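Contents: one structure, followed by commentary.
The structure presented is a predicted model; accordingly, all values stated were derived computationally and were not measured. For the numbers below, each heavy atom of this structure counts, side chains included, while hydrogens, waters and symmetry mates do not.
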Amino acid sequence: MPDITIDFEDDSWRSYISGDWIVTSEGEQPAYDGSHTLRSPPMDETGNRYSYLDLSGLIPKNQGAIVSFYFRKSTYGSHNVFYVDGDVVGGYANEVDWQKETLPGYKLSRDVVELRYFKNITVEMGEDAVFIDRIEIELMSVDIKYFDSLSTYLVEDFGGIPNPDAVNLDGTLSVRDGFTSDAYYVADLMFGGGAANTANPGGVLPIPERRGVIAGTVLDIQAQPVSRRVRVHERATGRIVREMWSGTDGKYRFTDLDTRIAFYVMAFDHTLQQNAVVSDNVHSEVEDSP
């Protein structure tokens, strides 16, 4: 069950949603839940109509959330388009019955979700509108840090290790100028850290038992070493925890992985000469102490 639901059955939605869209009980189909829905307003000419979901009053600052909603679309084909945060939702079909859409990634209290209905032609078909109902917010525990001043922080002050690309070799993390009280993700390296692992972790990683290595060599269909994009995924969730290109000798090496977690490794051929190669149920091995 979601932690927070906005169903448009009373006026509480007005505290979180602003813009051009309206709430109505009218429509050729009933609301997904209850009697009322949010819908794009009637339009007589080409243009955009926006509405904004402000998450600052819904998500605590020390948490993240997964945001979902139900929508249906009744428009003039590909000429009238529904966008969420700039991405097309519901494709370019004329009619889309009620279905659930989950926004990608975690949302934070500072985030605002933009809803946009674009009408590209004056011809009308169907109800010429997009309808939204039952916005669901599932609160999640995420590692978010708020810096109250601009300075340099020791990594251990925050209980984890940031992305290696952002770590200085002396173990400090430099905060960008110009942002105060802003949210920064701090990715503990027990889960990989995210981007290409280019920094030397020596002297940075405080917990040796978390330091595992996955290494290998990418070969083409002639069994020759090649440079390819390689990704490490957490097996239980599919989440990408590391990504890099193998060298010209085909070799790749990912460090600072949790030895307790199973992963799968995928190598992608950008030349499209062969399918992706997958190594499943891979466990990292503890590397020697620096």
Side-chain angles (χ1 to χ4, degrees), residues 1-59 64-109 111-140 237-240 272:
M1 294 292 292
D3 297 284
I4 301 168
T5 299
I6 302 175
D7 59 11
F8 305 104
E9 297 305 305
D10 55 37
D11 285 340
S12 61
W13 65 274
R14 297 182 185 277
S15 299
Y16 315 110
I17 297 176
S18 61
D20 301 327
W21 291 37
I22 62 176
V23 168
T24 180
S25 60
E26 299 179 356
E28 294 180 2
Q29 294 187 34
Y32 178 83
D33 183 22
S35 302
H36 293 78
T37 67
L38 182 71
R39 64 153 287 174
S40 56
M43 297 175 62
D44 296 327
E45 57 186 19
T46 297
N48 293 282
R49 294 294 183 269
Y50 295 89
S51 207
Y52 302 92
L53 170 62
D54 183 354
L55 298 174
S56 61
L58 297 166
I59 302 175
I66 295 175
V67 178
S68 304
F69 59 87
Y70 292 84
F71 79 96
R72 73 177 181 89
K73 178 184 176 190
S74 179
T75 71
Y76 182 60
S78 61
H79 293 281
N80 300 348
V81 186
F82 174 38
Y83 296 91
V84 178
D85 287 338
D87 295 327
V88 176
V89 174
Y92 297 94
N94 293 53
E95 300 286 335
V96 177
D97 204 354
W98 284 112
Q99 65 182 51
K100 188 174 184 178
E101 178 74 12
T102 300
L103 301 184
Y106 293 117
K107 296 298 180 182
L108 306 178
S109 61
D111 290 333
V112 175
V113 178
E114 179 190 85
L115 309 173
R116 174 162 65 102
Y117 178 59
F118 173 55
K119 182 179 175 68
N120 192 35
I121 193 169
T122 56
V123 176
E124 295 185 8
M125 182 177 289
E127 295 164 272
D128 198 22
V130 171
F131 299 80
I132 290 179
D133 200 5
R134 192 175 174 81
I135 300 174
E136 298 178 348
I137 299 175
E138 181 183 358
L139 298 178
M140 307 291 291
T237 64
R239 183 170 65 95
I240 299 173
L272 304 179

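- Side chains of R72 and E127 form a contact here, defined as non-hydrogen atoms less than 4.5 Å apart.
- Between F82 and W21, the ring planes are tilted. Angles from 30° to 60° get that label.
- For the pair L38/L115, a side-chain contact is recorded, criterion being any heavy-atom separation below 4.5 Å from C-beta on.
- Between W98 and F131, the two ring planes are perpendicular [angle over 60°; tilted spans 30° to 60°].
- Contact check for L55 versus V113: side-chain heavy atoms found under the 4.5 Å cut-off.
- Closest heavy-atom contact between A129 and R39: CB-NH2, 3.1 Å.
- Scanning both residues, G64 and L108, for their nearest heavy atoms gives CA-CD2, 4.2 Å.
- S18 approaches S51 most closely through the heavy-atom pair O-OG, 2.8 Å.
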Side chain to side chain contact (heavy atoms under 4.5 Å, CB included) assessment of I6 paired with L58
CA-CA 10 Å; I6 302 175; L58 297 166; 4.1 Å; yes
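- At a threshold of 4.5 Å between non-hydrogen side-chain atoms, the residues L103 and F69 count as touching.
- At a cut-off of 3.5 Å, with distance as the only test, no side-chain donor of T5 or D7 sits close to an acceptor on the other residue.
- In this structure the side chain of F71 reaches within 4.5 angstrom of the side chain of Q99, judged on heavy atoms.
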Show the numbers, then the answer: is there a side chain to side chain contact (heavy atoms under 4.5 Å, CB included) between V89 and K73?
CA-CA 10 Å; V89 174; K73 178 184 176 190; over 6 Å; no
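- Contact annotation: the side chain of T37 approaches that of T24 to within less than 4.5 Å [non-hydrogen atoms, C-beta and beyond].
- In plain terms, the two heavy atoms of I137 and A65 that are nearest each other are CG2-CB, 3.6 Å.
- Counting heavy atoms from C-beta outward, I17 and I135 have side chains that approach closer than 4.5 Å.
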Could you go step by step and tell me if E101 and V84 meet the side chain to side chain contact (heavy atoms under 4.5 Å, CB included) rule?
CA-CA 10 Å; E101 178 74 12; V84 178; 5.7 Å; no
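- Side-chain contact annotation: Y117 with D128, donor-acceptor N/O pair under 3.5 Å present.
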Take E114 and D85, measure what side chain to side chain contact (heavy atoms under 4.5 Å, CB included) needs, and give me the verdict at the end.
CA-CA 5 Å; E114 179 190 85; D85 287 338; 3.8 Å; yes
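- In terms of modelled atom types and a separation under 3.5 Å, the side chain of N80 and the main chain of K119 share no donor-acceptor contact.
- A cation-pi arrangement is present between R116 and Y83 under the rule of less than 6.0 angstrom and at most 45 degrees off the ring axis.
- E136 and K100 are joined by a salt bridge, as a carboxylate oxygen and a charged side-chain nitrogen come within less than 4.0 angstrom of each other.
- Side-chain contact between F8 and D133: present, with at least one pair of heavy atoms (C-beta onward) separated by less than 4.5 Å.
- Across every non-hydrogen atom of D33 and R134, the tightest pair is OD2-NH1, 3.1 Å.
- Of all the heavy atoms in H36 and E9, the pair that sits closest is N-OE2, 2.9 Å.
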